[in-house]
Amino acid sequence: MSDNPYSTAVLAWYEANARDLPWRAPGASPWSILVSEIMLQQTPVVRVLPAWRAWMERWPTPAHLAEDSPGEAVRMWNRLGYPRRALRLHACATAITGEHGGVVPDDHATLLSLPGVGAYTAAAVASFAFGQRHAILDTNVRRVLARAETGVEYPPKTQTKAEVTLAESLLPPEPSVAARWGVAVMELGALVCTARSPACADCPIAVQCAWTAAGRPAYSGPPRRGQTYAGTDRQARGRLLAVLRDSAEPVAKPALDAVWDDGVQRERALDGLVADGLVDPLEDGRYALPS
DNA sequence: AAGACGTGGTT
DNA sequence: TAACCAAGTCT
C-alpha cells in the first residue's frame with residue numbers, strides 16, 4: 001500500500017494553511033484533545049475556543065473534573081449547546097479517573113467505550129493525541145471525499161459503509177503520516193471545500209477532483225435539512241436549563257413555568273431533562289442542576 | 001435507522 | 001427571513 005494520490009498536495013497545503021488551534025499545539029494533552037473533540041461535536045470552532053480555554057484552566061486533568069459535580073460541568077458548558085455533552089464529558093472524567101488510572105486511554109476500543117465518544121471521536125483522539133493510524137470521517141472529510149472521489153456535491157445524509165471503506169483505502173501506511181493526513185483533510189473541508197461556497201480556486205487537489213471534473217453539478221438528492229428550532233421541545237429544554245444554569249440556588253417551579261407558556265410541552269421538556277440527568281428534582285419541590 | 005438533541009452565525 | 005450549517009452520539 002502506498003500513499004494516496006492527494007496526500008502530498010494536501011499535506012503541503014496543511015503545513016502552509018492550518019489554523020493555529022490550541023488543541024493542536026505540540027504540548028496539548030490527550031485530555032485537552034478529548035475535551036476539544038467533544039466540544040466540537042456539531043459546534044463551530046470559534047464558539048469552542050473560549051469555552052475550551054476556560055474549561056482547561058478550571059479542570060486541567062480528568063481528576064480535577066471528576067472532583068466536581070456534573071452540575072458544575074453543565075453550568076460551565078454554558079450556551080455551547082447539546083448540554084448532554086457536558087454530562088458525558090464529566091462521566092468520561094469519572095471513568096478515566098476510576099478505571100484508567102487518571103490517564104486518557106490510547107486504545108481505540110477503550111476510547112469508544114467512554115460516554116459520548118463515538119466512532120469519529122475515538123478515531124480522532126487515537127490519531128491526534130496518540131499518532132495512530134485511523135480513518136477520520138467527520139462531516140468535513142465526508143464532503144471532501146464526496147466531491148473529490150465520488151463527484152457529487154454532498155455526501156449521503158447518513159454515513160455509509162462505502163464511505164468508511166473509501167476513507168480507509170486512502171489512509172497513508174505510516175501512522176504518523178496517516179494522523180497528519182486526517183487533520184489535513186478535515187482542515188481542507190473546513191477552510192476550502194466548504195458546504196456553501198467552496199473556494200475551489202484555492203484547493204490543492206482541484207485538478208484531481210471528480211466533482212470539478214464533472215463541472216460541479218448541483219446537488220440533486222433529497223432535502224438535507226430537518227425541523228426548525230422555534231417552538232420545539234429542544235428550545236423549551238434550552239430555556240428551562242438556562243434558568244437553572246443562571247441560578248446559584250435551586251429554583252422553585254414558578255421560575256421554570258415563567259419561561260415557557262405551553263404547559264404540556266413544558267412538562268414534557270422538564271421530564272426529559274430529568275430523565276437525561278440534566279435536572280435534579282429536589283425533595284422540597286425545587287429543581288437543581290445534578291449534584 | 002430515522003429522529004432527538006442546543007445554539008448562534010450566515011446567506 | 002427561513003433555512004442551512006457547525007470536528008456526532010445515542011436510542
Side-chain angles (χ1 to χ4, degrees), chain A residues 18-19 21-24 28 32-52 74 77-89 91-92 111-129 134-144 153-161 163-164 167 179 182-191 193-198 219 222-245 260 265 268-269 271-273 275-279:
Chain A
R19 287 167 292 181
L21 303 173
W23 46 84
R24 286 181 185 160
S32 77
I33 291 171
L34 174 58
V35 172
S36 78
E37 290 301 338
I38 300 281
M39 286 186 170
L40 286 162
Q41 292 169 2
Q42 301 287 283
T43 306
V45 167
V46 287
R47 289 179 49 210
V48 166
L49 240 17
W52 180 88
V74 172
W77 199 256
N78 197 25
R79 304 186 66 80
L80 256 196
Y82 292 145
R84 289 190 290 196
R85 291 183 293 166
L87 237 33
R88 289 172 181 155
L89 197 43
C92 275
L111 285 164
L112 199 50
S113 74
L114 295 173
V117 176
Y120 161 75
T121 302
V125 173
S127 180
F128 306 156
H134 294 282
I136 301 299
L137 200 54
D138 76 326
T139 187
N140 291 302
V141 177
R142 294 185 65 216
R143 188 174 54 249
V144 171
E153 187 175 16
Y154 297 118
K157 191 180 184 69
T158 54
Q159 186 178 304
T160 64
K161 178 56 186 168
E163 290 181 270
V164 176
V183 249
V185 185
M186 264 202 329
E187 191 76 337
L188 185 63
L191 300 183
C193 194
T194 56
R196 297 287 181 86
S197 39
Y219 176 75
R224 322 181 63 244
R225 211 43 196 171
Q227 61 172 348
T228 52
Y229 181 60
T232 61
D233 284 14
R234 285 155 81 173
Q235 185 182 32
R237 287 166 57 109
R239 289 262 188 88
L240 261 15
L241 197 60
V243 172
L244 298 183
R245 240 185 2 235
W260 198 263
Q265 188 175 32
R268 186 171 64 226
D271 287 348
L273 288 168
D276 288 346
L278 251 8
V279 171

Across all chains, not counting sequence neighbours, the side-chain hydrogen bond (donor to acceptor under 3.5 Å, both in side chains) partners of A:Ser127 are none

With sequence neighbours left out, the residues meeting salt bridge (charged side-chain N to carboxylate O under 4.0 Å, His left out) with A:Arg268 are A:Asp233

Item to complete: Would you indicate what A:Ser36 reaches in the nucleic acid, counting non-hydrogen atoms under 4.0 angstrom: base, sugar-phosphate, or nothing?
Response: nothing

Sorted by chain and number, sequence neighbours left out, side-chain hydrogen bond (donor to acceptor under 3.5 Å, both in side chains) with A:Arg88 holds for none

*asked:* Regarding A:Ala195, tell me which of base, sugar-phosphate or nothing describes its non-hydrogen contacts under 4.0 Å with the strands shown.
replied: sugar-phosphate

(Q) Categorize A:Tyr154 for me: base, sugar-phosphate, or nothing, with a 4.0 angstrom heavy-atom threshold over every strand shown. (A) sugar-phosphate

Sorted by chain and number, sequence neighbours left out, salt bridge (charged side-chain N to carboxylate O under 4.0 Å, His left out) with A:Arg47 holds for none

- Query: Is A:Arg196 touching bases, backbone alone, or none of the nucleic acid, heavy atoms closer than 4.0 Å?
  - Reply: base

By side chain to side chain contact (heavy atoms under 4.5 Å, CB included), A:Ala122 pairs with (sequence neighbours left out) A:His108, A:Leu111, A:Leu112, A:Val117

- prompt: A:Thr43 near the nucleic acid: base, sugar-phosphate alone, or nothing, with a heavy-atom cut-off under 4.0 Å?
  reply: base

By nearest-nucleotide position on DNA chain B, the 5'-leaning member of A:Ser197 and A:Gln235 is A:Gln235

| message | Classify A:Trp52 by what it touches in the nucleic acid, base, sugar-phosphate, or nothing, heavy-atom distance under 4.0 Å. | response | nothing

Sugar-phosphate, base or nothing in reach of A:Gly81, heavy atoms under 4.0 Å: base

Ordered by number, residues from residues 236-245 of chain A within less than 4.0 Å of DNA chain B (heavy atoms) are A:Arg237, A:Gly238, A:Arg245

Contact class for A:Val117 vs. all strands (heavy atom < 4.0 Å): base, sugar-phosphate, or nothing?
sugar-phosphate

